[in-house]
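Written out below as C-alpha cells is the structure these notes cover.
Because the structure is a prediction, the values reported are computed rather than measured. Because only heavy atoms are used, hydrogens play no part in the values below, and waters and symmetry mates are left out as well, while side chains stay in. The chains referred to below are lettered A, B, ... by the order of the sequence lines, with proteins before strands, and numbering in each begins at 1.
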Protein chains: 2
Amino acid sequence: MKARAADLAPRLQHVEDQFVELWNNMANLWGISPTMARIHGLLYITGAALSMDDIMDRLAISRGNVSMNLSKLVEWGLVRRVHKKRDRKEYYESLHDVWEMFTLVASQRKRRELDPIINTLRRCKEQLAPESLGPKAAEEAPRARLQRINDLLKFLTLVDSLAQRFFESHRGLREAIELLAQE
Amino acid sequence: MKARAADLAPRLQHVEDQFVELWNNMANLWGISPTMARIHGLLYITGAALSMDDIMDRLAISRGNVSMNLSKLVEWGLVRRVHKKRDRKEYYESLHDVWEMFTLVASQRKRRELDPIINTLRRCKEQLAPESLGPKAAEEAPRARLQRINDLLKFLTLVDSLAQRFFESHRGLREAIELLAQE
DNA sequence: TGCACCTTTTAGTTCTGATTGAAAATTGTA
DNA sequence: TACAATTTTCAATCAGAACTAAAAGGTGCA
C-alpha cells in the first residue's frame with residue numbers, strides 16, 4: 001500500500017495515539033498514574049516541546065489536570081520545562097534516553113517505597129529480638145516470625161543494594177548487561 | 001524490659017499487625033491489590049494455615065472479599081489450600097520462600113503486563129516501517145518516531161530476556177547474585 | 001505600574017474499582 | 001439422598017482517586 005503525502009499526517013497521529021494508549025497501560029508497571037503516563041507518552045513519542053494547550057487538545061484533558069500532572073513529571077525529572085523566545089508560554093519536553101528514564105523512575109520508587117519498607121521491617125525485627133521479649137523468648141512463635149522477617153529483610157536489602165549499585169553506574173553497566181543478554 | 005508470658009501474645013499480635021500494614025503498603029510495589037496483600041501478609045507472617053473465618057476476624061474484612069482475594073492469591077500461586085482432617089473448612093497457607101514468591105509475582109507481571117506492551121510496540125513499529133509509508137517515507141517525523149519506538153523496544157526486550165533467564169534458573173542465580181552484592 | 005496572558009490551586013463533581021451482605025451453589029457427612 | 005456447613009457469586013453500595021471549571025496567583029512586557 002502506498003501512501004500519498006496527505007495520508008501521512010493522520011496515520012502518524014494514529015500511531016501516536018496507539019503509543020499514548022500503550023503508555024497509559026504501562027502506568028501500572030512504572031507505578032505512576034495513567035494520565036501522567038499518557039502525557040509523558042505523548043511527549044516522548046512526538047519528541048517535541050509541547051505547551052499545555054497542545055496537550056489539552058491532543059489528549060482531551062482539562063487544563064488543571066494537565067498542569068498538575070506536568071508538575072509531577074517535572075518533579076520526577078522525566079520532563080523538562082523549556083522556554084521559547086518571544087513566547088510567554090512554557091513548553092515541556094520529555095527525556096529521550098530510555099535507560100535514563102528507567103533509572104529515574106526506579107531510583108525514586110526505591111526511595112519512596114522500598115526504603116520505608118526496609119525501615120519498618122527493621123523496627124519489627126527489634127520488637128521481636130530475644131532481649132526485648134524476656135527470658136521466655138525462646139518460645140516457638142516469636143522465633144518463627146523473626147525468622148521470616150529476617151528472610152524478607154535479607155532479600156529486600158539485597159535488592160536495595162543491587163539497585164543502588166545500578167543507579168550509581170548504569171551507564172557502565174548498560175553495555176555489560178546488553179552483552180550478557182545476547183549471550 | 002522483661003515480658004511476662006501473658007504479655008507475649010498481644011505483643012506478638014501487635015508486631016503481626018504492623019507487618020500486615022507493611023504488606024499493605026507493599027501492594028503497589030508488587031502490583032497487587034492492597035487487601036490481597038494484607039491477607040497474604042497475615043498468612044506469611046503467622047506461617048499458619050488459616051481459615052476464612054480466622055482471616056475475616058483478624059483483618060475485619062467481609063467473607064465475600066476474603067473469598068475473592070484468597071482465590072486470586074491461589075491463582076497467583078502465592079497461597080495454597082490445605083485440608084485438615086475431621087474439618088470441613090478449607091485452610092490457606094502462604095509460600096515461605098521469599099525468592100520463590102518474588103519470582104512468581106514477577107513472572108506473572110511479565111506475562112500480563114510486559115509481554116502485551118512489547119507486542120503492541122511491534123505493531124506500532126510495523127505501521128511506521130518505510131515500506132508501509134510509501135516512497136515519501138524518508139520524511140523526518142516518522143523516522144524520528146520509529147527511532148524512539150526502536151529504542152524502547154530494545155530496552156524492553158532486554159528486560160524481558162533477562163527476566164526470562166532469571167525465572168528459568170533463579171535457584172542457581174540466587175547464590176551468584178548474593179555473592180555479587182557482598183563484593 | 002498596570003495589564004494581558006499563563007499557570008496553579010482548590011472546591012466540588014464524577015468515576016472507577018473495592019467492598020459488602022445475602023442469596024445461590026457447592027461440598028462433605030450422616 | 002438429604003441436610004448442614006462452607007464457599008462463591010453478584011447486585012448494590014461505598015470510598016477514594018482523578019478530574020473539571022473557575023477563581024486566584026504569577027509573570028513579563030508595554
Side-chain angles (χ1 to χ4, degrees), chain A residues 20-21 23-43 48-76 78-93 109 112-113, chain B residues 20-21 23-43 49-76 79-93 109 112-113:
Chain A
V20 169
E21 179 57 22
W23 225 239
N24 182 60
N25 297 150
M26 276 192 56
N28 195 37
L29 201 55
W30 293 88
I32 66 181
S33 84
T35 302
M36 189 170 151
R38 283 190 342 130
I39 294 174
H40 181 250
L42 180 65
L43 293 172
L50 302 179
S51 69
M52 271 180 41
D53 294 85
D54 296 334
I55 297 169
M56 286 169 59
D57 295 347
R58 187 63 192 278
L59 302 181
I61 296 174
S62 73
R63 184 176 298 284
N65 201 358
V66 170
S67 169
M68 292 207 290
N69 280 295
L70 276 174
S71 343
K72 278 195 230 161
L73 282 167
V74 170
E75 208 172 282
W76 279 77
L78 291 169
V79 163
R80 271 197 258 283
R81 275 182 234 276
V82 296
H83 296 278
K84 287 189 180 173
K85 284 168 191 166
R86 327 219 102 261
D87 193 339
R88 250 151 99 166
K89 279 205 187 92
E90 301 215 71
Y91 289 79
Y92 297 85
E93 188 175 57
R109 292 194 75 187
R112 292 171 198 213
E113 304 180 53
Chain B
V20 168
E21 180 55 24
W23 224 241
N24 183 58
N25 298 149
M26 276 190 56
N28 196 35
L29 200 55
W30 293 87
I32 65 181
S33 85
T35 301
M36 188 169 151
R38 285 193 336 132
I39 294 174
H40 181 250
L42 181 64
L43 293 171
L50 302 179
S51 69
M52 272 180 44
D53 294 84
D54 296 334
I55 297 169
M56 287 168 59
D57 295 347
R58 187 64 191 279
L59 302 180
I61 297 174
S62 73
R63 185 176 298 284
N65 201 357
V66 170
S67 169
M68 292 208 288
N69 279 295
L70 276 174
S71 347
K72 277 195 230 161
L73 283 168
V74 169
E75 209 173 281
W76 279 77
V79 163
R80 273 197 259 281
R81 284 191 167 88
V82 295
H83 296 277
K84 288 189 180 173
K85 283 167 192 167
R86 325 219 104 260
D87 192 339
R88 244 149 106 166
K89 278 204 188 95
E90 301 215 73
Y91 289 78
Y92 297 85
E93 189 175 57
R109 292 194 76 188
R112 294 171 196 211
E113 304 181 54

### Query
Are B/Ser67 and D/dT8 close enough that a side-chain N or O sits under 4.0 Å from OP1 or OP2?
yes
### Task
Output yes when at least one side-chain N/O atom of A/Thr35 is less than 4.0 Å from OP1 or OP2 of D/dC19, else no.
yes
Roughly, in whole Å, what's the span from [atom1] in [X] to [atom2] in [N]?
X       : N      : atom1 : atom2 : answer
B/Leu50 : D/dT7  : CG    : P     : 13 Å
B/Lys84 : D/dT6  : NZ    : C1'   : 16 Å
A/Ile55 : C/dC6  : CD1   : C1'   : 14 Å
B/Leu59 : C/dT20 : CG    : P     : 11 Å
B/Asp87 : D/dA5  : CG    : C1'   : 10 Å
A/Asp53 : C/dC5  : CG    : P     : 13 Å
B/Ile61 : D/dC14 : CD1   : C1'   : 16 Å
A/Ile39 : C/dT7  : CD1   : P     : 13 Å

### Message
Testing the 3.5 Å rule here: is there a donor-acceptor pair between the side chains of A/Tyr91 and A/Arg81?
### Response
no
### Summary
Closest to the side chain of A/Ser33, out of C/dT19, D/dA18, D/dA21, is D/dA18
### Message
Should the side chain of A/Arg88 and the base of C/dA4 be counted as holding a donor-acceptor pair, with the cut-off at 3.5 Å?
### Response
yes
### Query
Atom CG in B/Asn65, atom CD1 in B/Ile39: separation rounded to 0.5 Å?
6.5 Å
### Query
So what does B/Ser71 hit on the nucleic acid, given a heavy-atom distance under 4.0 Å: a base, only sugar-phosphate, or nothing?
nothing
### Query
Which is true for A/Arg81 with a 4.0 Å heavy-atom rule: it touches a base, it touches only sugar-phosphate, or it touches nothing?
sugar-phosphate
### Task
Could you pick out which residue, B/Asn65 or A/Val66, lies toward the 5' side of DNA chain D when each is mapped onto its nearest nucleotide?
B/Asn65
### Query
Between A/Tyr91 and A/Met68, who's closer to the 5' end of DNA chain C by nearest nucleotide?
A/Tyr91
